[in-house]
J.: 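My structure is below; once you've seen it, I'll send some questions.
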Number of protein chains: 2
Amino acid sequence: MPRATVDTRAEIRAAALELFAERGVEATSLREIAERIGITKAALYYHYASKDALVGELVDPMFAELRELGDELEGRPVDAGDEAAVRAVVERFWELCLRNREVVRVLIHNPALIARAEIAPRMLHWRERVDAVLVGSDDPADRVRAVVALGGVQDTVIVFEGDDLAAVRGPAIDAAVRALQPGRP
Amino acid sequence: MPRATVDTRAEIRAAALELFAERGVEATSLREIAERIGITKAALYYHYASKDALVGELVDPMFAELRELGDELEGRPVDAGDEAAVRAVVERFWELCLRNREVVRVLIHNPALIARAEIAPRMLHWRERVDAVLVGSDDPADRVRAVVALGGVQDTVIVFEGDDLAAVRGPAIDAAVRALQPGRP
DNA sequence: GTCTATAGACTGATAGAC
DNA sequence: GTCTATCAGTCTATAGAC
């Protein structure tokens, strides 16, 4: 029987992202995804050749955004002393995490994912690249600061998921910018 | 046939923690854990009644430490202006994460875990409780700062796992302490 | 495009011999 | 304590009807 909606593929992705983010990829079966939108597992296989292919298509948009951000910033590292410039990059990273927060959740929660053949090549150290651009330095202490700042920012969109994220934005970015300042407090 | 080692239970826990941290709990089977230490799945079941029981015993020590820290700090909130006091708490949290970094990894990577009946009651908002003690405030902005600081610190013991963590400690704690300072940078 | 039916592998867990 | 053997259930994935 034909279905009420036109875009079954989009429906599959939406249901899958929700379940993957909530329970993890391994803990979610294709049967569950299919049943959530009222089709059978076999019908799902008509649209996606495998679970890996589905996961790959889900995480792709975020990787594309990260690559764009990396490309744009590459070659012109941020001066750590220029607070406005640092803040601008942190803000963009926050917005990116916010837009893709369900994907962030999936990636954080599924380490085995990045080892899968379909997905690993697309990861390319995603956040590490932004780290590097942001601190523009190989100094290990600078890298640590970047991990605290961006890791912390990334965590907020997950931890405060149900809350008013517009209110979280300001303090989160402030804290991250401060964490990035070199030297002892 | 009796085995070379005395403490099979400890061997099981060690192998399980390694595999759970690496791939996630759902993606690791009891057969894999058993075979890694040269016994069968049935032998493993002699020592642990279920997968949940095994997971529970693995995460217990960290929860116990968090409860101790919470108990000790409870009732005497840290003055956000007292930098030395703030630093002391952040340092203790860092050490706790470092000691339990494989468990941290397991918990981060397995959201579904905290919903399991055996484990949920022991979680009791672990990090949230430390957050609360640390900022000693219900102000949402303070809570956000605490999440950035402690989330960032927690991330470093995972991200820099293979590196020299003694060198990571200083910059990580500095960055977290700075992130906790109120107001705009 | 969606279905039913099924293959084949693996899972967590148990029974009972040694 | 560890084994072999097995259960019932689930999984990914496919074949073929409509």
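Below, chain A is the first sequence line, B the second, and so on; all start at residue 1. Since the structure is predicted, the reported quantities are computational estimates derived from the model, not experimental observations.
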J.: Return the value, rounded to whole Å, for the distance between atom CG of L44(A) and atom C1' of dT4(C).
T.: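 Taking atom C1' of dT4(C) as the reference, CG of L44(A) is at 16 Å.
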
J.: Looking at E18(B) and R36(B), does any basic side-chain N land under 4.0 Å from a carboxylate oxygen?
T.: yes

J.: Salt bridge check, D174(B) against R87(B): does any charged N sit closer than 4.0 Å to a carboxylate O?
T.: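 Looking at R87(B) and D174(B), the cut-off is met.
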
J.: Can you measure Y48(A) atom OH to dT12(D) atom P for me and round it to whole angstrom units?
T.: 16 Å

J.: dT2(C) phosphate, OP1 or OP2: any side-chain N/O from T8(A) under 4.0 angstrom?
T.: yes

J.: Counting only heavy atoms not in D7(B), do more than 12 fall under 6.0 Å of its CG?
T.: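 Counting other residues, nucleotides and ligands, CG of D7(B) exceeds 12 neighbours.
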
J.: In terms of side-chain heavy atoms of Y45(A), which of dA13(D), dA13(C), dT2(C) is nearest?
T.: dA13(D)

J.: Report the distance from atom CD of E35(B) to atom C1' of dT2(D), rounded to the nearest whole Å.
T.: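 It is 14 Å, rounded to the nearest whole Å.
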
J.: Tell me whether R178(B) contacts the main-chain N or O of G183(A) through its side chain, where contact means a donor paired with an acceptor under 3.5 Å.
T.: yes

J.: Are the side chains of F93(B) and V89(B) in contact, using a 4.5 Å heavy-atom criterion?
T.: no

J.: Can you pull out the residues from residues 9-22 of chain A that lie within a 4.0 Å heavy-atom distance of DNA chain D?
T.: none

J.: Please examine the side chains of L58(A) and E102(A), heavy atoms only from C-beta on, and report whether any two atoms are closer than 4.5 Å.
T.: no

J.: Closest approach to the side chain of R31(A), judged atom by atom: which nucleotide of dT12(D), dC11(D), dG12(C) is it?
T.: dC11(D)

J.: Starting the side chain at C-beta, find the nucleotide from dG1(C), dG12(C), dT12(D) nearest to H47(A).
T.: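 Ranking dG1(C), dG12(C), dT12(D) by closest atom to the H47(A) side chain puts dG1(C) first.
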
J.: Whole Å only: how far is the CG atom of D7(B) from the P atom of dT2(D)?
T.: 11 Å

J.: Round to a whole Å and report the spacing from NZ of K41(A) to P of dA7(C).
T.: 14 Å

J.: What's the closest nucleotide to the Y46(A) side chain, out of dT2(C), dA13(C), dA13(D)?
T.: dT2(C)

J.: Contact class for S29(B) vs. all strands (heavy atom < 4.0 Å): base, sugar-phosphate, or nothing?
T.: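 Sugar-phosphate contact only.
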
J.: Starting the side chain at C-beta, find the nucleotide from dG12(C), dT4(C), dT12(D) nearest to A42(A).
T.: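 Minimum distance to the A42(A) side chain belongs to dT4(C).
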
J.: Any idea which of dT12(D), dT2(D), dC3(C) is nearest the I39(A) side chain?
T.: dC3(C)

J.: Measuring to OP1 and OP2 of dT2(C), would you say a side-chain N or O of T40(A) lies under 4.0 angstrom away?
T.: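 No, no such contact exists.
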
J.: Any chance you could measure L30(A), atom CG, to Y48(A), atom OH, to the nearest 0.5 Å?
T.: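 Here the interatomic distance stands at 12.0 Å.
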
